[in-house]
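Data block below; observations after.
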Amino acid sequence: MTDQPTSLAGLDLRTEIDRLRKDRNAIILAHYYQRPEIQDLADFVGDSLELSRKAASSDADVIAFCGVKFMAETAKILAPDKIVVLPDLNAGCSLEDSCPPEKFAAFRKAHPDHIALTYINCSTEVKALSDIIVTSSSAETILAQIPEGQKIIFGPDRHLGGYLARKFNRDMLLWPGVCIVHEAFSETELLKLKAQHPGAPVAAHPECPPSIVDHADYVGSTSGILNFAKTFPGDTLIVATEPHIIHQMEKALPEKTFIGAPGADGQCSCNVCPYMALNTLEKLYTTLLDLTPRIEIEESLRLQAKKSLDRMLEMASSTVGMGDLGAR
Ligand code: 13P
Ligand code: SF4
């Protein structure tokens, strides 16, 4: 990954961001899919669940969220008294886009005996229409606590929902959304890569389609994949998720080789999340300088959405389930 320029009109952006972070009493939170230079200056880098917990527990006045909009909105829902800024408000998510609140409300209405177990990659409005939110690292623990007979709608990611339904042998009504990034991996190219690296395990995010997950030795959230990378016994790992996470792997284990799973063109460039990539050092600097763009959420909507998120945080801490999705 090439570093982007670190100066804006002659400024040393890293020094300036550091100064502003102190002046504003700000915490910089970053997802593993952010550019390496942003991950390296963040106060905390994590998966969706860890970032939500960090936002809820931080005593900073400002949260500069380097991730996508639904993640920054989650931070604002859980920490309403803080100023939450996102370097680029256009940092959306194809899963969120696939699930307009009006259509989701109509779907729920058509299935009144189902609860809505909803992936965190959705709008605040859809969270407000849901019963329990899950992340990929908490989905299994939470699903294990839902009684067998309870009917479930799972949205918006049909691949994560399908993976859980198969693993738990549970029927769930799946919303037909996909992540454009994980959908772009190619089974044919993955098999070619495996043949070139015999014995190298594959770690995949559950947003991947079954054609990829079926070849994985480990399936889990970004944090789960990172932990697997730190503990697998070999020297080469094939990584089927957004490739910026490889930065953390290479930092932790410079002696090992991490290869991004390929897209249809045989390269992994099509698996860079275009929304996550919108955040840059320059935008982070101006965001901290101006404290814009801010995330604002109407209070009754926030309170309604908070219910399903609070449920997630309570249930994810329960010891009943098995933690991250783990080995297949
Ligand atoms: P994680 O919760 O595993 O970090 O996933 C977030 C995401 O958007 C994956 O595409
Ligand atoms: Fe959304 Fe996919 Fe990007 Fe994650 S990688 S933020 S699911 S588009």
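In what follows, every heavy atom counts, from backbone to side chain, and hydrogens, waters and symmetry copies are set aside. Counting convention: from 1, in listed order, for ligands and their atoms alike.
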Inset, instruction - Give the atoms of ligand 2, by number and element, whose distance to some non-hydrogen atom of Y275 is under 4.0 Å. - result: 8 (S)
Legend entry - Residue part near ligand 2, for C273, under 4.0 Å between non-hydrogen atoms: side chain
Inset, instruction - Mark yes or no for whether S308, through its side chain, and A305, through its backbone, hold a donor-acceptor pair below 3.5 Å. - result: yes
Inset, instruction - Look at atom 1 (Fe) of ligand 2 and say which protein heavy atom is nearest, naming residue and atom and giving the distance to 0.1 Å. - result: C93 SG, 2.4 Å
Inset, instruction - Give, for atom CG of L193 and atom CD1 of I238, the distance between the pair rounded to the nearest 0.5 Å. - result: 4.0 Å
Inset, instruction - Take every heavy atom of E242, measure it against each atom of ligand 2, and state whether any distance is under 4.0 Å. - result: no
Inset, instruction - Please answer whether the main-chain N or O of P101 pairs with a side-chain N or O of E125 as donor and acceptor at a distance below 3.5 Å. - result: no
Inset, instruction - Taking only heavy atoms of H182 into account, list the atoms of ligand 1 that are under 4.0 Å away from them. - result: 10 (O)
Inset, instruction - Answer with side chain, backbone, both or neither: which part of E96 has a heavy atom less than 4.0 angstrom from an atom of ligand 2? - result: neither
Legend entry - A75 backbone acceptor or donor facing K54 side chain under 3.5 Å: no
Inset, instruction - May I ask you to check whether S94 and Y275 show a side-chain donor-acceptor distance below 3.5 Å? - result: no
Inset, instruction - For the pair S98 (side chain) and V178 (backbone), establish whether a donor and an acceptor sit closer than 3.5 Å, ignoring hydrogens and angles. - result: no
Legend entry - Residue portion contacting ligand 1 (non-hydrogen atoms closer than 4.0 Å) for N121: side chain
Inset, instruction - Considering the heavy atoms of Y33, write down every atom of ligand 1 situated less than 4.0 Å from one of them. - result: 7 (C), 9 (C), 10 (O)
Inset, instruction - Work out whether the distance between some heavy atom of S136 and some atom of ligand 1 is less than 4.0 Å. - result: yes
Inset, instruction - Give the atoms of ligand 2, by number and element, whose distance to some non-hydrogen atom of L95 is under 4.0 Å. - result: 7 (S)
Legend entry - Close N or O approach (S48, ligand 1; < 3.5 Å): yes
Legend entry - Numbered atoms and elements of ligand 1 in range of S221, under 4.0 angstrom, heavy atoms: 3 (O)
Legend entry - Atoms in ligand 2 with a heavy atom of S94 nearer than 4.0 Å: 8 (S)
Legend entry - Hphob cluster co-occupancy, L313 + I133, side-chain heavy atoms under 4.5 angstrom: yes
Inset, instruction - Among all protein heavy atoms, pick out the one at the shortest distance from atom 10 (O) of ligand 1; state its residue, atom name and that distance to 0.1 Å. - result: E207 OE1, 2.8 Å
Inset, instruction - Assess the pair Y163 and H159: is the distance between their ring centroids shorter than 6.0 Å? - result: no
Inset, instruction - Look at atom 2 (Fe) of ligand 2 and say which protein heavy atom is nearest, naming residue and atom and giving the distance to 0.1 Å. - result: C179 SG, 2.3 Å
Legend entry - Test: E50 and R53 ion pair at under 4.0 Å: no
Legend entry - Exam field: side chain D131 to backbone L117, donor-acceptor pair closer than 3.5 Å: no
Inset, instruction - Give the residue and atom name of whichever protein heavy atom lies nearest to atom 5 (O) of ligand 1, and the separation in Å to one decimal. - result: H205 NE2, 3.3 Å
Inset, instruction - Spell out, as yes or no, whether a donor-acceptor pair under 3.5 Å connects the side chain of R294 to the backbone of I83. - result: no
Legend entry - Atoms of ligand 2 close to E207 [distance to a heavy atom under 4.0 angstrom, numbered from 1]: 2 (Fe), 7 (S)
